[in-house]
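Okay, so here's the structure we're looking at.
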2 protein chains.
Amino acid sequence: MTAGKPPASSAPSAPPTPPAPSQRRSEATRAAILEAARERFAADGYERATIRAIAKDANIDPSMVMRYYGNKEGLFAAAVTIDLRLPDPAALPRDEAGRALVAHFLAMWEESEVLTALLRVGTTNQAGAERMQGIFREQVLPLAQRFCPDPEQVPARAALVSSQLLGFALTRYILRFPPAVALDTQEAAAWLAPTIQRYLTAPYPQ
Amino acid sequence: MTAGKPPASSAPSAPPTPPAPSQRRSEATRAAILEAARERFAADGYERATIRAIAKDANIDPSMVMRYYGNKEGLFAAAVTIDLRLPDPAALPRDEAGRALVAHFLAMWEESEVLTALLRVGTTNQAGAERMQGIFREQVLPLAQRFCPDPEQVPARAALVSSQLLGFALTRYILRFPPAVALDTQEAAAWLAPTIQRYLTAPYPQ
DNA sequence: GAGCGGAGTCAACATGTGTTGGCATACGCT
DNA sequence: AGCGTATGCCAACACATGTTGACTCCGCTC
């Protein structure tokens with residue numbers, strides 16, 4: 001946080017070219033660090049994913065990690081940014097929401113390690129848990145809002161949806177209960193979809 | 001493991017009194033260590049629950065922990081032993097199983113920190129995950145077996161039940177999603193019971 | 001009282017961690 | 001070409017961790 005360095009935008013009488021991508025020769029390194037960090041966080045969780053190990057995976061020196069991301073927390077924040085890319089509720093038939101959501105989630109979990117990393121870190125690290133709370137609040141809650149008429153019930157229903165989706169990911173990708181691993185995504189979706197559908201749209205249970 | 005110490009049972013011409021409880025003066029300390037360990041593991045997970053912190057909580061020296069439990073893994077093994085005390089399936093009406101199971105689980109989670117400790121450690125630590133797999137195999141699977149006619153489907157159904165119960169515990173006790181925390185156990189049970197019931201007894205979804 | 005073994009304390013070791021600063025190098029511009 | 005700066009590596013620090021061994025103290029038995 002050294003002062004005296006004005007932002008690169010519109011320095012007086014500076015050449016019109018902004019910091020060219022050629023100057024960002026380090027982009028490759030930065031990306032390699034992030035990828036290694038995601039892998040390590042996903043595999044080991046926050047505490048056991050050491051900066052040294054991440055740097056070794058990325059074939060650079062540990063001090064580079066510090067230079068580019070400040071500290072370990074900054075690295076985690078940069079490595080794990082999640083956009084669930086939830087489908088547009090308006091385009092979803094109301095009675096297909098469960099099936100669509102489950103399929104979308106399973107696909108996202110299979111396609112990258114970021115969600116695994118976030119879940120592993122969220123269970124051990126306060127910052128990780130808060131990150132997950134933020135995703136829930138800003139991405140899941142609004143979606144649930146579109147399916148539940150009674151606004152009072154939206155948070156509880158969204159939490160229940162999350163509990164089932166995260167719970168399945170937990171048993172399948174983290175704890176690796178053999179039957180949960182053995183299920184193919186079609187079967188899993190067939191089992192889970194009605195649950196999600198009910199949490200979203202069924203009347204409040206008496 | 002120093003040899004030369006014969007087991008206390010039936011030493012020839014020994015006084016009939018077995019090692020008196022007075023000799024087990026250390027029992028109080030042992031118990032204090034275990035309790036502190038459970039708290040720390042539940043609050044911090046495996047890596048951040050340091051032996052020094054546990055010893056401080058128990059008001060003893062860290063080396064005592066080593067003397068009594070060998071090493072950190074041994075301490076964890078001793079501190080986290082779980083009996084789910086699942087109800088006898090024979091005594092459960094088939095269509096009440098979901099409700100009863102959910103109520104039982106919620107009560108167990110509320111009553112002690114052991115389950116929280118196990119879940120936290122299970123997500124970061126290989127040994128913890130294996131412990132949970134063992135509990136699933138030896139306590140949950142047999143129960144599910146009593147409710148599902150088709151033996152082929154038992155593991156998947158048991159895994160689904162676990163995914164929902166663990167998922168709810170995850171969002172409520174670990175990640176602390178506010179709506180999941182806000183639900184009282186009655187509401188939570190009302191929402192979750194039908195899900196569990198369906199996983200246990202409903203026909204295979206087409 | 002002498003001896004003994006368990007209970008507990010203290011200090012230390014070896015190791016691994018996040019993090020920092022200094023030094024070399026190669027690129028991009030004038 | 002020459003220079004400045006971004007890029008990278010090396011060595012080191014300060015600290016925390018699991019773990020070990022030697023030492024003291026207490027209660028008990030001969």
Side-chain angles (χ1 to χ4, degrees), chain A residues 1-2 4-5 8 11 13-33 36-37 40-41 44-56 58-79 124-125 127, chain B residues 1-2 4-6 8 11 13-33 36-37 40-41 44-79 124-125 127:
Chain A
M1 296 301 180
T2 63
K5 185 182 176 186
S13 76
T17 59
S22 61
Q23 275 201 4
R24 290 274 173 258
R25 179 167 44 109
S26 62
E27 275 312 310
T29 309
R30 295 178 118 100
I33 294 176
R40 282 284 176 178
F41 282 133
D44 298 339
Y46 189 81
E47 332 288 334
R48 295 184 32 196
T50 70
I51 290 192
R52 282 174 161 89
I54 293 170
K56 184 176 238 179
N59 281 322
I60 48 98
D61 191 87
S63 62
M64 301 303 302
V65 178
M66 310 301 299
R67 191 191 300 244
Y68 287 143
Y69 298 102
N71 55 24
K72 193 176 181 180
E73 270 195 56
L75 173 63
F76 175 73
T124 326
N125 189 271
Chain B
M1 296 300 180
T2 65
K5 186 182 176 186
S13 76
T17 60
S22 62
Q23 277 201 359
R24 291 271 173 262
R25 177 164 47 107
S26 61
E27 274 313 310
T29 308
R30 295 179 116 98
I33 293 177
R40 284 283 177 179
F41 282 133
D44 297 338
Y46 189 81
E47 332 288 336
R48 295 183 32 193
T50 71
I51 290 191
R52 281 174 161 90
I54 293 169
K56 185 176 237 179
D57 289 357
N59 280 324
I60 47 99
D61 190 88
S63 62
M64 301 303 307
V65 178
M66 309 302 299
R67 194 197 298 260
Y68 288 144
Y69 299 102
N71 54 24
K72 194 176 180 180
E73 269 196 56
L75 172 64
F76 175 73
T124 326
N125 189 272

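Labels below follow one simple rule: chain letters A, B, ... track the order of the sequence lines, proteins then strands, and each chain is numbered from 1. Values reported hereafter were calculated over all heavy atoms of this structure, with side chains retained and with hydrogens, waters and symmetry mates removed.
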Where the side chain of [X] is concerned, which of [options] is the nearest nucleotide?
{"X": "A:Pro62", "options": "D:dG18, C:dT19, D:dC9", "result": "C:dT19"}
{"X": "A:Ser63", "options": "C:dC10, C:dT17, C:dG21", "result": "C:dG21"}
{"X": "B:Arg52", "options": "D:dG18, D:dC9, D:dA12", "result": "D:dG18"}
{"X": "B:Thr50", "options": "C:dT19, D:dG18, C:dT9", "result": "D:dG18"}
{"X": "A:Tyr68", "options": "D:dT7, C:dT19, C:dC10", "result": "D:dT7"}

Roughly, in whole Å, what's the span from [atom1] in [X] to [atom2] in [N]?
{"X": "A:Leu75", "N": "C:dT17", "atom1": "CG", "atom2": "P", "result": "15 Å"}
{"X": "A:Arg30", "N": "D:dA6", "atom1": "CZ", "atom2": "P", "result": "11 Å"}
{"X": "A:Met64", "N": "C:dG18", "atom1": "CE", "atom2": "C1'", "result": "17 Å"}
{"X": "B:Asp61", "N": "D:dG21", "atom1": "CG", "atom2": "C1'", "result": "12 Å"}
{"X": "A:Asn71", "N": "C:dT19", "atom1": "CG", "atom2": "C1'", "result": "9 Å"}
{"X": "B:Tyr69", "N": "D:dT20", "atom1": "OH", "atom2": "C1'", "result": "19 Å"}
{"X": "B:Ile60", "N": "C:dC10", "atom1": "CD1", "atom2": "P", "result": "12 Å"}
{"X": "A:Met66", "N": "D:dA11", "atom1": "CE", "atom2": "P", "result": "19 Å"}

Which atom pair, heavy atoms only, marks the closest approach of [X] to [Y]?
{"X": "B:Arg30", "Y": "B:Tyr69", "answer": "O-OH, 3.3 Å"}
{"X": "B:Arg48", "Y": "A:Thr124", "answer": "NH1-O, 3.4 Å"}
{"X": "B:Asn71", "Y": "B:Met66", "answer": "CA-CE, 3.6 Å"}

Indicate, yes or no, whether a donor-acceptor pair under 3.5 Å links the base of C:dG8 to the side chain of B:Arg67.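 Between C:dG8 and B:Arg67, which were checked side chain against base, a qualifying N/O pair under 3.5 Å is present.
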Is the ring pair A:Phe41/A:Phe76 parallel, tilted or perpendicular, if the boundaries are 30 and 60 degrees?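 If you compare the ring of A:Phe41 with that of A:Phe76, the planes turn out perpendicular.
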Where do A:Tyr46 and A:Lys72 land on the side chain to side chain contact (heavy atoms under 4.5 Å, CB included) test, with the steps shown first? CA-CA 9 Å; A:Tyr46 189 81; A:Lys72 193 176 181 180; 3.6 Å; yes
Hey, does A:Thr29 reach any base, or is it just sugar-phosphate, or nothing, if we go heavy atoms under 4.0 Å?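 Answer is sugar-phosphate: A:Thr29 comes under 4.0 Å of backbone atoms only.
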